[in-house]
Amino acid sequence: MNMARIKRDPKKVALAQAIIDAYNPESVEDMNEALKDLFGPLFESMLQGEMNHHLGYESNDKCPKKTNNRRNGYTQKTLKTTQGEVEIESPRDRDGSFEPVLIPKRKKDVSAIEDKVLAMYARGMSQRDISRTIEDIYGFSVSHEMISDITDIILPELEEWRMRPLKKCYPFVFVDCMYVSLRQDYEVKQCAVYVILGYDFEGHKDILGLWLSPTESKNQWMLIFDELKSRGIEDIFFISMDGVSGLEAGAKSIFPNVIVQRCIVHLIRNSIKYIPSKNYKKYTQSIKRVYSAPTLKAAHTAFESFENEWKQYPGAVDVWRRNFIHVEQLYNYGSAVRKIMYTTNAIESVNSSFRKVTKKGTFPNENALFKILYLRIKELEKKWSTGHISNWSMVLNQLMIDDHFKERIDKYIGY
């Protein structure tokens, strides 16, 4: 998917050209030095503004003053910024009551402002809220354009992440989608964002990618899985999904040995709409006896009882009759494997996290949407880095019992 070109503010382009004209930079290092030269006067000007507000008058103001407090020279400080160390002079007042907000006393590292903007953006704060928060904390305003420029810093990193090489095999893959409002060609449209989550052989979670899909079809999913293959995936054991149109055919055209599993929880949701709300609890307990039965024979017996008990609601029963193959195939594997296969809760949790930051409204373009989702993914990866899937060793052992999987595991277990 091609990334939209970044639109630059003409005033900022003119400022950049003025810097180039003044410094004639010939390398990235020269440009960093130029920015460092600008940081010093910029910080000093902001500190002077804070001092003016603190005293109630500007420097060289000859009018009568409301306070006996006066300016009292400067303190030299060395600040750590994103461009390196910068020397500045911080103003002092006579009675020592001046407490700068931008660069508090004894604070020497101001490089975190950009990180704070990215963190707030990742948590779904609007540009307006970010601007107000920065102003509350640091005492100076940050324009919407500046916030956009700061968050645009991650666009190359985002593109690299979307095209990064993947592991050769993922035993379990989960697919789910969420809908967002996106402005396209001066029109607001609801677009589906598909997220694919994989479990690797170490039991770690890995979001394989994000795709914006206006349509669902076998060909669309062929393109997505072909992309995953081109990025290094050679084999997938199971795909758990919610009846996504064209996914099974598209996935099997690229990974012929993959087993596609309908999410049992989604089947419950699809069938329960035919049941009166007063019977929800009893109904879910009844169907749970089917898919949690210890053996396939017991599952068939439980399903016969289920059909008889709920025959007055043929719509609900028919959902399970049409999809009973997805219950039956669970019993080809051990209980620990079944527990992972039968639900897409893992990826629904990811999408729930995404919805917290996408509910703020319409996104102006694809870049704005993918930026915020990527920053959210980085937050999730921090949480996942310290653990792995519960009972993972038992899952691997149960897969190894099956010769069909043992040979494939032996091939990839070293990666």
Heavy-atom pair of closest approach, residues Met241 and Leu247: CG-CD2, 4.0 Å

Point-to-point distance, once rounded to the nearest 0.5 Å, from CD of Glu227 to CD1 of Ile254: 11.5 Å

Non-hydrogen atoms of Ala299 and Val290 that approach each other most closely: CB-O, 3.5 Å

Heavy-atom closest pair, residues Leu208 and Gly198: CG-N, 4.0 Å

Any Arg338 side-chain heavy atom under 4.5 Å of Tyr331 side chain: yes

Plane angle bin for Tyr194 and Trp221 - parallel if under 30°, tilted between 30 and 60°, otherwise perpendicular: perpendicular

CA sep, side-chain torsions, deciding dist, call: Asp206, Asp200, side-chain contact (heavy atoms from CB on, under 4.5 Å): CA-CA 7 Å; Asp206 186 8; Asp200 65 19; 5.6 Å; no

Contact check, side chains of Ile239 and Phe225, non-hydrogen atoms, under 4.5 Å: yes

Euclidean distance, Arg269 CZ relative to Thr284 OG1, rounded to 0.5 Å: 12.5 Å

Pair Glu99, His54: side-chain N/O donor-acceptor within cut-off below 3.5 Å: no

Whether Phe306 and Phe303 hold their rings parallel, tilted or perpendicular, with breakpoints at 30° and 60°: parallel

Heavy-atom donor-acceptor pair, Asn351 side chain to Phe354 backbone, under 3.5 Å: no

Gap between atom CD1 of Ile340 and atom CE of Met394 - 0.5 Å precision: 12.0 Å

Ile264 side chain reached by Leu330 side chain, heavy atoms, under 4.5 Å: yes

Gap separating the CG atom of Asn391 from the OG atom of Ser335, nearest 0.5 angstrom: 8.0 Å

Ion pair Lys356/Glu379, N-O distance below 4.0 Å: no

Asp93 backbone acceptor or donor facing Arg71 side chain under 3.5 Å: no

No-hydrogen, no-angle side-chain donor-acceptor test under 3.5 Å, Tyr412 and Asp235: no

Main-chain N/O of Val319 paired to Asn323 side chain as donor or acceptor, under 3.5 Å: yes

Heavy-atom side-chain proximity of Ile196 to Val175 below 4.5 angstrom: yes

4.5 Å side-chain heavy-atom contact, Leu182 and Leu212: yes

Heavy-atom pair with the smallest gap, counting every atom of Ile233 and Ile236: CG2-CG1, 3.9 Å

Distance (rounded to the nearest 0.5 Å) between Asp242 CG and Cys177 SG: 8.0 Å

Donor-acceptor under 3.5 Å (Thr301 side chain, Lys297 main chain): yes

Output field: ring centroids Tyr291/His326 closer than 6.0 Å: no

Sequence-distant partners of Arg183, salt bridge (Lys or Arg N to Asp or Glu O under 4.0 Å), two or more places apart: none

Ile207 side chain near Trp161 side chain, heavy-atom distance below 4.5 Å: yes

Between Phe405 and Phe238, ring centroids under 6.0 Å: yes

Under 3.5 Å donor-acceptor, Arg355 side chain and Met178 backbone: no

Salt bridge Glu307-Lys311, side-chain N to carboxylate O under 4.0 Å: no

Non-hydrogen atoms of Leu158 and Lys371 that approach each other most closely: CD2-N, 4.1 Å

Sub-4.5 Å side-chain heavy-atom contact between Phe172 and Val395: yes

Note, Tyr374 side chain near Leu210 side chain (heavy atom, < 4.5 Å): no

Side-chain donor-acceptor pair present, Trp211, Gln220, cut-off under 3.5 Å: no

Heavy atoms from other residues, nucleotides or ligands near CE of Met400 exceed 12 (cutoff 6.0 Å): yes

Note: Arg162-Glu366 ion pair, threshold 4.0 Å (strictly below): no

Tyr199 and its ring-ring contact (aromatic ring centres under 6.0 Å, His included) partner, picked from Trp384, Phe174, Phe237: Phe174

Neighbour count above 12 (heavy atom, 6.0 Å) for Glu160 CD: no

Interatomic spacing from SG in Cys263 to CE in Met341 - rounded to 0.5 Å: 11.5 Å

Exceeds 12 heavy-atom contacts within 6.0 angstrom, atom NZ of Lys229: no

Side-chain donor/acceptor of Asp176 to backbone N/O of Ile347, under 3.5 Å: no

Within 6.0 angstrom of Gln190 CD, more than 12 heavy atoms from elsewhere: yes

Flag for Glu89-Thr75: side-chain donor and acceptor within less than 3.5 Å: no

Heavy-atom closest contact (Trp310 atom, Ser286 atom, distance): NE1-OG, 3.2 Å

Glu407 CD: over 12 foreign heavy atoms closer than 6.0 Å: no

Gln398 side chain vs Ala336 backbone, donor-acceptor pair below 3.5 Å: yes

Residues 270-277, side-chain donor-acceptor partners within the protein, below 3.5 Å, at least two apart:
from: Asn270; atom 1: ND2; to: His266; atom 2: O; distance (Å): 3.3
from: Ser271; atom 1: OG; to: Leu267; atom 2: O; distance (Å): 3.1
from: Ser271; atom 1: OG; to: Ile268; atom 2: O; distance (Å): 3.1
from: Ser271; atom 1: OG; to: Tyr283; atom 2: OH; distance (Å): 2.7
from: Ser271; atom 1: OG; to: Trp320; atom 2: NE1; distance (Å): 3.2

